[in-house]
Amino acid sequence: MPKKSYRQALNEALHHEMGRDPRVVVIGEDITGGAGASGEQDAWGGAFGVTKGLLGAFGRERVLDTPITESAFVGAAAGAAMTGLRPVAEIMFVDFLGVCFDQIFNQAAKFRYMFGGKAITPLVIRTTYGAGTRSASQHSQALYPIFTHIPGLKVVIPSNPYDAKGLLIQAIRDDDPVIFLENKVLYDMTGEVPDGAYTVPFGAANIVRDGEDALIIALGRMVGFAEKAAAELAREGIECTVLDPRTTSPLDEETILEMVEENKGRVVIVDESSPRCGMAADIAAIIAEKAFAHLKAPIVKVTPPHTPVPYAPDLERAYLPDPDKIAAAVRQVVSYKD
Amino acid sequence: MPKKSYRQALNEALHHEMGRDPRVVVIGEDITGGAGASGEQDAWGGAFGVTKGLLGAFGRERVLDTPITESAFVGAAAGAAMTGLRPVAEIMFVDFLGVCFDQIFNQAAKFRYMFGGKAITPLVIRTTYGAGTRSASQHSQALYPIFTHIPGLKVVIPSNPYDAKGLLIQAIRDDDPVIFLENKVLYDMTGEVPDGAYTVPFGAANIVRDGEDALIIALGRMVGFAEKAAAELAREGIECTVLDPRTTSPLDEETILEMVEENKGRVVIVDESSPRCGMAADIAAIIAEKAFAHLKAPIVKVTPPHTPVPYAPDLERAYLPDPDKIAAAVRQVVSYKD
Amino acid sequence: MQGLQLPRERLLEAYRLMRTIRVFEDRVSAEMDTGDIPGNTHLYAGQEASAVGVCLHLTDTDRIASTHRGHGHCIAKGCDVDGMMAEIFGKATGICRGKGGSMHIADLGRGMLGANGIVGGSPPIACGAALTAKVNRTRDVAVAFTGDGGVNQGTTAESLNLARVWMLPVIFAVEDNGFGEATASSFATAGDICRRAEGYGMPARKVDGVDFFAVHDAMGEAVERAREGGGPTLLHIVTPRYYGHFSGDADTYRSAEEKAAMRRDQDCLARFRTRVTQASLLTPDDLDAVDRSVSAAIDGAVLAARAADRPALETLLTDVYVRYA
Amino acid sequence: MQGLQLPRERLLEAYRLMRTIRVFEDRVSAEMDTGDIPGNTHLYAGQEASAVGVCLHLTDTDRIASTHRGHGHCIAKGCDVDGMMAEIFGKATGICRGKGGSMHIADLGRGMLGANGIVGGSPPIACGAALTAKVNRTRDVAVAFTGDGGVNQGTTAESLNLARVWMLPVIFAVEDNGFGEATASSFATAGDICRRAEGYGMPARKVDGVDFFAVHDAMGEAVERAREGGGPTLLHIVTPRYYGHFSGDADTYRSAEEKAAMRRDQDCLARFRTRVTQASLLTPDDLDAVDRSVSAAIDGAVLAARAADRPALETLLTDVYVRYA
Ligand SMILES: Cc1ncc(C[n+]2csc(CCOP(=O)(O)OP(=O)(O)O)c2C)c(N)n1
Ligand SMILES: Cc1ncc(C[n+]2csc(CCOP(=O)(O)OP(=O)(O)O)c2C)c(N)n1
Ligand SMILES: [Mg+2]
Ligand SMILES: [Mg+2]
């Protein structure tokens, strides 16, 4: 299979789906780049280059640059979705959800329910998340627990190029509003990605590595860190299962609970979102309720501290989970005795 | 002690603090009601009557009606807080956070951290939450897990008139941004409230009822439901502790963990927020990690389902936790055997 | 006034719709007083000429996005009155199966994209409907209703800009009833609404919202411009608001005189009657017949709503997703 | 031009500040290329006359709220250049102790309320600072800087309205450098920015942002109005943007000719030099001396920043709250 970057995988997904379905339109700030300017058109292809080339293939009618007004264009995407298009809107950084959250959670997410099942809202909101690029407090957050909290939204966090493509195609074909979170640091990650279209289903966790001494649940960029930790631990004779839920809403509870049992009830959850009411807490609570009898040690959460994201590189590194912190947590749960 | 309503308790807190400190100003939509109109001024005193009478006492310079532009006036309140005032801004329903969330979580919450500790932001945002008034999907949400998730915010949820007054005074005197959530159904609840000023500290849970068979943790309006359930269970011979954390950030982990132990490791958490990444999950995860050895049964969460809030009364009742559901959950944890 | 040249059938239809709104709202107000309506409502009475003057230009594939004060827009856009009443009563036969209530009435088949509990929530959505029309080259238009309060919300301003940048076939119908809740627009809405729109590069017109024909004419021009690819227009429609902000609002912030004068001098139904009878376009009998049939229809709607079943409890859990997984 | 009547010391100060910004930004750009600056920056070069023309009217108790392109505003408002440079390098000696970086430089003592990573984030905050001044009756003013992109954000529109409703002493300084990232304002910003402000009921003026004196004069008028209780003003300040949107932006969306012409014809420093020397207010030697001292100061700032300690790891956990509990 050809090796491609996470960025390219996403770009291919958009190309495929726009080619396949004329209702798919792409909307966002600088998703071409150069609108109204004297120089190169499609100069950016999005702030991270994910939408590059769509302009040439599909034209300005379907590849829509916007003013810097997220409420207006995300709301417009929701309205367009309700009336027959299948928009893919891009919020450049998930940190900007604060200026357009109403259109996401009170409008798009609730149309169907409030209207008694009459609406469909096939809307995808692509956005980027994550620390690690020294972008400081307002450009480094994870924030997907906020979307996961909202009934009516689906929340997708691909951890590798293959999933990125398959999950994005799935998202575009899905009839519900989907928040699709791309980790900025992963854009250059490469992996095997088929040329053709394929889907990765929602709510189906991926067993990234098999073990039986401990279960590490990780999301997005943390999956790679968990794999590194697991490799390190294997050298110490601790065999871990690494489980990537891939979507947080729906969440594949079944596989998670099964794996808790298969891994002797010893669980570490690694997540990049803030700890309070965060993703690690959510999954831990589900396990603690539904797999209580199998748990043999406290579930340890490896998350950032309850602080904003700092700028200075050392601080930012200390802020994020990393393979060492994960390995330490696993050693702790494995050695726990009651 | 005189009996007063939750509404009046809040109103007294505002009167006290505005009288005591000229830097306190109150800002919001229709917090007087009648600005620019031909009839009664201070006609509303807020959509729920909480700010009634402030206009007469303190004048339009400090009791500031606003246009319907939450971003502008919440952001202005944040800017005013950073420059020397101590604003109390009112967002009429917490459901409206989506139109002004950026000013709360990216601005007010982060000033201090981003600016290296130089700023203080003594801002209170009062808002209302909760289902039970047939106000449907966009006027009935709880949403405080979203604020609890954000480092830099404090989150307060008073469950009775006494706490309402003491916590609001505390919030106004606090130097950090505080989100203060008032349950709409509780405004008419009465209880003993001293006439003078007093504070209820943040991060100090309230043991509402003492028992030793099971621990019920509940917030806001759910505290009353938990008390009802506990009374019912007492008749069956099951003695419950009812614990009201009062603030979710900071959270009084110490008391919670202590009470888990004192109640034989049997815990029910009752909360009105949505279940995924919600308050019940958050607290359950903390207990499951830090009081693991004491837990004797799975923690059961009594929350609404993962749906928006419906309009029809029967559906809305079915949506909300209630004393029966709580009692059933307690019976389940008490009878659990492994 | 081109509206006066409307065919007789259209004039009767306009009157029937306006009358339906008025009777519907007066009746909802009365039913609220019985305590049998579970939720709250914001009544549209007084503003009928606006909704009908705007919507009479629209087909089912044209879309409108509405506000918390949405009953009038719904009726003008052709929503089923029985379904609306049942919805307000929270019944299974409601237009949203009892899940939405007054503030979330929608009928996508009629191009009614929903009332909206969020002030300023609708303009972006209307832009989206207009985008669909533009991408699909259907010549459909979209209307964003908002109030003198909602026009200040950032979403509205953003939508004005986006509509102009994308040259969308959208009309912003700003209904200025003088108040946002208890606060006068003279206090809260600075400057001039039409000049704001012009600042965003679009034509705007201030219209007497008590005069159906004035609204109808202004909207006619705006719709034609939109269908021809000429982009957005803003209409600043000045109307009275007969009731308080919500049913139950004591409305003490307006003087008794002001309210009496409003009901006396600013009644779009009376104005319409005078105009069409003086011009001999319709007779008083024609209009009276409409009044009678409308009253009967609303009586029927209330009876049916009261008699209808409540939603089954299982429906609490349905309609969150099309498919969850 | 009243600015030309400024005392010699003020003229020198204006020039010194503008030159400091230019050299600071050119130097940050060069240091970015070394890879030793950990984060990203948005450079203000080309826009100096705007920041300085505006801020020269302000005292430390007047406040400004800035943007992601904030270095120029900070310097013009009197922030310590060493602290700024150290902050950009992420050092403990940084003006925000290394926690904020380029996009969050603030110095409350100087009335600089922070650069801002959120486009449209600042206008509400500036309104708040103006409210403080008004409530405390201090005659202070506040300035909201925003760009031609940020002016479209709903928060800006809301702030214009709120400022007018509350009659706040605030000036909206809209710096129109022709672009929001890679998108031209001719595409994204419909209508006319001054007319928008007029639509919100406030006076507005379009100003040549290459001409320090033009900016200074317009701001003088606005500040006086604000201090006298006359409410808000919008200034639409047209400037070039010398670099790409961020350091690293290849800036291919502008033609080479356009960029060359911009640097040739729109240099506020050259323009200032010509004006003051032709009017015999300052000599070329005066200006050269400033140039030399500024270069030395920036050299020193970079050396100090490079040599400074990195923040202690414990500081990750501090400054989240004043007191948590
Ligand atoms: C974002 C938001 N803020 C506040 C409210 C509360 N609210 C409901 S209706 C209303 C007044 C709206 O005024 P206007 O737009 O003039 O419409 P009208 O009620 O006059 O029809 C307000 C403030 C809301 N629903 N949404
Ligand atoms: C809410 C939000 N949306 C988008 C961005 C990404 N972004 C950063 S700067 C910028 C362009 C801003 O343009 P303008 O206001 O003209 O300022 P300039 O960069 O030209 O100084 C954009 C879109 C952001 N930081 N915040
Ligand atoms: Mg109104
Ligand atoms: Mg710009």
Side-chain angles (χ1 to χ4, degrees), chain A residues 28-47 60 64-73 75 92-93 95-100 102-103 132-141 274 304-320, chain D residues 37-40 68 87 89-92 94 96-104 116-121 147 149-155 178-190 245 249-259 310-313 315-320 324:
Chain A
E29 291 159 11
D30 298 290
I31 53 161
T32 77
S38 62
E40 191 188 356
Q41 299 295 292
D42 202 21
W44 278 23
R60 289 217 178 267
L64 291 140
D65 279 288
T66 70
I68 307 169
T69 51
E70 285 85 359
S71 268
F73 77 74
M92 203 178 292
F93 290 75
D95 310 69
F96 308 159
L97 81 89
V99 297
C100 57
D102 182 72
Q103 292 292 332
T133 61
R134 284 86 53 208
S135 300
S137 303
Q138 293 176 337
H139 287 74
S140 305
Q141 296 165 89
S274 280
H306 184 65
T307 76
V309 184
Y311 170 67
D314 292 350
L315 299 183
E316 193 187 33
R317 256 190 306 275
Y319 173 89
L320 275 174
Chain D
I37 291 181
N40 212 317
H68 57 286
E87 186 62 33
F89 273 89
K91 295 303 181 68
C96 302
R97 299 165 63 186
K99 282 175 158 171
S102 163
M103 255 191 305
H104 305 296
N116 205 310
I118 303 299
V119 172
V151 79
N152 298 319
Q153 198 65 281
T155 49
F179 283 86
E181 295 194 343
T183 299
S185 56
S186 62
F187 170 83
T189 306
H245 170 63
D249 178 8
D251 200 355
T252 57
Y253 42 90
R254 297 195 282 188
S255 67
E257 303 77 60
E258 183 184 338
K259 284 186 279 189
R310 296 184 293 188
L313 286 187
T315 63
L316 170 64
L317 303 177
T318 58
D319 304 326
V320 184
Y324 195 45

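Every chain is numbered from 1 and lettered A, B, ... according to where its sequence line falls, protein lines coming before strand lines.
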Practice item. Give, as side chain, backbone, both or neither, the part of A:S135 having an atom under 4.5 angstrom from any heavy atom of chain D. Key: backbone
Exercise for review: Output the option from D:E258, D:E181, D:K99, D:R254 having the highest count of non-hydrogen pairs under 4.5 Å with chain A.
Suggested key: D:E181
Check your understanding: Any idea which of D:I118, D:V119, D:L316 has the most non-hydrogen atom pairs under 4.5 angstrom with chain A?
Key -> D:L316
Review point. Taking atom types as modelled, is there a side-chain donor on A:Q138 or A:D95 under 3.5 Å from an acceptor on the other?
Key: no
Revision key, fill the gap. Closest heavy-atom pair, D:F187 versus A:D65, reported as atoms and distance to 0.1 Å, is CZ-O, 3.6 Å
Check your understanding: Is the backbone N or O of A:G34 less than 3.5 Å from a side-chain atom of D:T183, with the two atoms forming a donor-acceptor pair by type?
Key -> no
Practice item. For the pair A:D314 (side chain) and D:P311 (backbone), establish whether a donor and an acceptor sit closer than 3.5 Å, ignoring hydrogens and angles. Key: no
Study note, to complete from the structure: On a heavy-atom basis, the closest approach of A:R134 and D:P38 is NE-O, 2.9 Å
Exercise for review: Output the option from D:G100, D:A250, D:S185 having the highest count of non-hydrogen pairs under 4.5 Å with chain A.
Suggested key: D:G100
Review point. Given a strict heavy-atom distance threshold of 4.5 Å, which part of D:S186 is in contact with chain A: side chain, backbone, both, or neither?
Key: side chain
Check your understanding: Top residue by heavy-atom pair count (under 4.5 Å) with chain D, among A:A312, A:P313, A:G39?
Key -> A:G39
**Study point:** Option in A:A72, A:S38, A:G36, A:A37 with maximal non-hydrogen atom pairs under 4.5 Å from chain D
**Key:** A:S38
Check your understanding: chain A heavy atoms under 4.5 Å from D:A312: which part of the residue, side chain, backbone, both or neither?
Key -> backbone
Review point. If we only count heavy atoms from C-beta on, is the A:H139 to A:T133 side-chain gap below 4.5 Å?
Key: no
**Study point:** Contacting moiety of D:Q153, where chain A heavy atoms sit under 4.5 Å
**Key:** both
Review point. With a 4.5 angstrom heavy-atom cut-off, which part of A:E316 approaches chain D: side chain, backbone, both or neither?
Key: neither
Check your understanding: At their closest point, which heavy atom of D:A182 faces which heavy atom of A:D30, and how far apart are they?
Key -> N-OD1, 3.1 Å
Check your understanding: Checking D:N116 against chain A: side chain, backbone, both or neither under 4.5 Å from a heavy atom?
Key -> both
Point to revise | Minimum heavy-atom distance D:T155-D:G120, with the two atoms named | key: OG1-O, 2.6 Å
